[in-house]
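Working notes, structure below.
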Amino acid sequence: MLNSIVTWALNMRVLVVAAAMALLCIGINATKNAPLDVFPEFAPPLVEVQTEAPGLSTEEVDSLVTVPLENSLNGLPFLKTIRSKSVLGLSSVVMIFNTGTDILKARQLVQERLNLAQNRLPAVVKPPVLMAPYSSLSRVLKVGLRSESLSQMQLSELAVWTMRPRLMAVPGVANVAIWGQRDRQFQVLVDPQKLRAAGVTLDAITRAAGDAAVISAGGFIDTPNIRLPVNQLSLITTADDLARTVVEFRNGAPIRLGDVAEVVEGNPPLIGDAVINDGDGILLIVEKQPWGNTLDVTVGVEKVLADMQPALPGVIIDSTIFRPATFIQLSIDHLTEALWLGCLLVVVVLALFLGDWRTTIISITAIPLSLAVALLLLAWRGETINTMILAGLIIALGEVVDDAIIDVENILRRLRQNAVAASPKSKLQVVLDASLEVRSAVVYASVIIVLVFVPVFFLPGLAGTFFKPLALSYILAITASLAVALTLTPALSLMLLKVKPGAHRDALLARGMKALYRGVLPLFARSPWLALLILLAAFTGTGWIWHTQLKEEFLPNFKERDFLMHWLEKPNTSVEASKRITIAAAHDLIQVPGVRNQGSHIGRAEVADEVVGPDFTELWISLDPDAPYDETIHKVQAVVDGYPGLTRDLLTFLRERIKEVLTGASASVVVRIFGSELDQLRTHSAEVGEALKDVPGVSALKVEPQVLVPQITVKLRPENAALHGLTAGQVRQAVTTLVSGRKVGEVYQQQRVHDVTVWSVPSSRADYTTLRELLIETPTGGHVRLADLADLAIVPTPNAIKREGASRRIDVTCNVATGQALGDVVREIEQRLGKITFARGYHPEILGEWAERQSAQSRLLWLSLASLAGILVLLLADFQSLRLTLLIALTLPFALIGGVMAAWLGGGVLSLGSLVGFVTVLGIAARNGILLISHYRHLQTEEAQPFGLDLILRGSEERLIPILMTAATAALALLPLVLKGDVPGNEIERPMALVILGGLATSTLLNLFLLPALYARFGKINPS
């Protein structure tokens, strides 16, 4: 088949060249408008259901809402796990589905179950809401609104009724959450004492306010010619209009709402708030859909904001508080620059080695064509161009030219030999024979490279989603380069290469390398046992470095300039108290040189992804692009550490999202304790926290504050209520109205909707004592204290209840201090946990980055062994010799020696990217070993040269330049990644490039010097 493909390409060479040019143009055009992102989508498909339960305590939410919903949703197809959280007045149930599940299908399945479960929930609970579909990096923009002339309520109206609808219309936007929102509300605030003095009942107030706010249809009137609609206009446009509403008539005189109650424009009780810089404001958080492109969504939102700005006088719009598109663009630019610089270096090294413009042009055509074909196939698959895709292309950059180099070099050598032959063959026949001579080795080498990368496609979890795109782009580029070498390279060689007898000499660099090699190689070739001794020493040293000098981590820190800081105050802290602390911290933060601005959100917002109480605050800090990175971070950390009474941490957005996706907690290591009773869980969590507090390397240790907080319980005494003619329902209704307020109607103004509520004056619900003295009306017109009808008490209740897999759980979390090894810390934690005795039915699990790394490393190891077995089978099929197969297999560890050394010298840290780098370099090492040994075999079997030192020296020298060129091009293509350092977009790729560079260095040296010696001792075969 290979013979047919090459023969066809040579005969149809003009068509082949034209097709290649067309493919190149199509590939470049397809990538111009390709979607860009920093990382592939790394979160599994998930669906969140939130259910508002106003007035219900945490335990009531858990037992009456969360557990029934979990029972209804458990057992869904493709469901991996289910997590839930219950807090005061809110239930959140998150379903995580298997990777690859269609998110729209999953949402449909969830909605079908919700339709059945909704009828089994208490009447006081609002219908469950299916949250908008989010992605792992769903937050695309945080927009701060401030104004010197407008109130918070006026800003809220602009945000809710003007800005949010426009932003939701931007393609790709899933939700716009609003923090600091204060909805305009017409409030009738009653004082039970005042009502008692005026002789007006609470029911009368409620009825009058509701009647005033009711919307009634007017119908229509038919005249002989036309139909006239009748519209009953609402009389309420202001609080004064509502105050003039008549409650009842007494002695012919009207008693109005304003006579017996305060009628004001206010806002509902806050469930959260926002701080912009160090003052009041509104924070809009724009979230995108999973299939939305971050850059496109960001540009669309910013365009809408710019269009609206002239219509919002007095409003300051700041869209730079958090803008991940900046980091994405910077990362893509850095990697694109590295790609182009790598291409330039490859061209330079080819020109130096080949010394001929024709062979250089033929070789380098493989680069743009292979990359263009790979990008075209990626675009056809709908892939997003991200840093991992570009990293795969950069790694492949030096290798896509290898096949062409090997082919061109062999064709050129055979053309020169043919030019001085006694009976020269036709040029076409020489090119065909020379291509087929190396084609088998090249094909097998390329297949092996692909086979080496197959394990990456089976990596589990987050590791798999990160590195599969890299492996895909790499394999597509390598496969495209093989196709180019089979077709375009022979065709161009036939068309462009010209050889005159005695007119050509090797390039100066090639001649120098051959002369040096010719002088040194015999020393090694004559001493095979010395080669084995060197190998043994190298492997021993590598093993010592691996086990004693290298630290382990999952993923590196990312050089983002947007940071978030978690403030966690004592549970049950009020919104007002949290805001005071947040403003103080924000004031200190914006004084730090290099901090551009900050925006904070406290508690939660309506229809948002935060299920927290007012004690939780996120401060988002944006650094100036020109500020010194590390110095500014140290100063920000110093400010953070200046608030020791709070649980806090400082993370980049990407780091926080990765941790959140792994465990649902924003920490590197999570000890999750499962059990049934909260008291026992708290006991065990305290024991674990105490055991881990002095573990070397542990930082930001936190026992999750699922603690008991005070709540007021009202337990009705039915016999007392009956003595006053009251039913339980009447008492509960009165308490609900006076304590939390009751919506009685709505007012519509200019397409805006405002609630009308009846509530009590703040002094009547100020504290526990005033609540006891709250007056409840009796049917006879009298009043009775609430304390005389019910037992009031302050009792403990959980502030939050979390469940996972139908079991309650609590977390003990920590991070790893800078400079400490993640693996060492976790191993010590495991030892400490082993000394703790857990009650029956309770057990801990260690989750987070280490668990994910171990899972990925274990899977990668076993799959790599399977891949190695496949490689050996391929080699055996090619060489038909077990001895030669094992000899090539021995060359694979050559690359590991340099990879380990490079990781050690580059910081001594082994990340997941480093492990993938080891996998990558194995394929490159195998390629050069195969080419060298296959050429030895060719000389012996095809050219009848006797086995011996002369064969070894000749074969090695003839393969020297191709091996050096392939190694040099692969190394120089990666060099920009290493030299750029830890710049944005290069954090994962640099450790990987370091390992590959080190592996290339040692594998090339060992292949050129030790492999010939080993072949001289063990490689003798019987010619067939």
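Count residues from 1 along the sequence. Remember, predicted model here, so these are calculated numbers, not experimental data.
For the pair Asp183 and Arg752, the salt-bridge criterion is not met [side-chain N within less than 4.0 Å of a carboxylate O]. Checked for salt-bridge contact, Arg184 and Glu265 meet the test: a charged N lies under 4.0 Å from a carboxylate O. Salt bridge absent: Lys702 and Asp811 never bring a charged side-chain N and a carboxylate O closer than 4.0 Å. Between Asp788 and Arg785, at least one side-chain N (NZ, or NE/NH1/NH2) sits under 4.0 Å from a carboxylate O, which counts as a salt bridge.
Aromatic ring orientation, His754 versus Phe186: perpendicular (interplanar angle above 60°, classes split at 30° and 60°).
The two residues Leu738 and Leu775 come nearest to each other via the heavy atoms CD1-O, 4.0 Å. Nearest heavy-atom pair across Gly603 and Trp179 is O-NE1, 3.4 Å.
No more than 12 heavy atoms of other residues, nucleotides or ligands lie within 6.0 Å of CD1 in Ile221, so this atom counts as exposed by the packing criterion. Annotation for Glu248: atom CD counts as buried by contact number, over 12 foreign heavy atoms lying within 6.0 Å. Counted within 6.0 Å of CD on Glu677, heavy atoms from surrounding residues, nucleotides or ligands total 12 or fewer; the atom is thus considered open. No more than 12 heavy atoms of other residues, nucleotides or ligands lie within 6.0 Å of CD in Glu148, so this atom counts as exposed by the packing criterion.
No donor-acceptor contact under 3.5 angstrom links the side chains of Trp567 and Glu569, judged on distance only. Side-chain N/O atoms of Thr770 and Asp767 include a donor and acceptor closer than 3.5 Å. At a cut-off of 3.5 Å, with distance as the only test, a side-chain donor of Arg164 or Asn175 sits close to an acceptor on the other residue. No side-chain donor-acceptor contact under 3.5 Å links Thr237 and Gln749.
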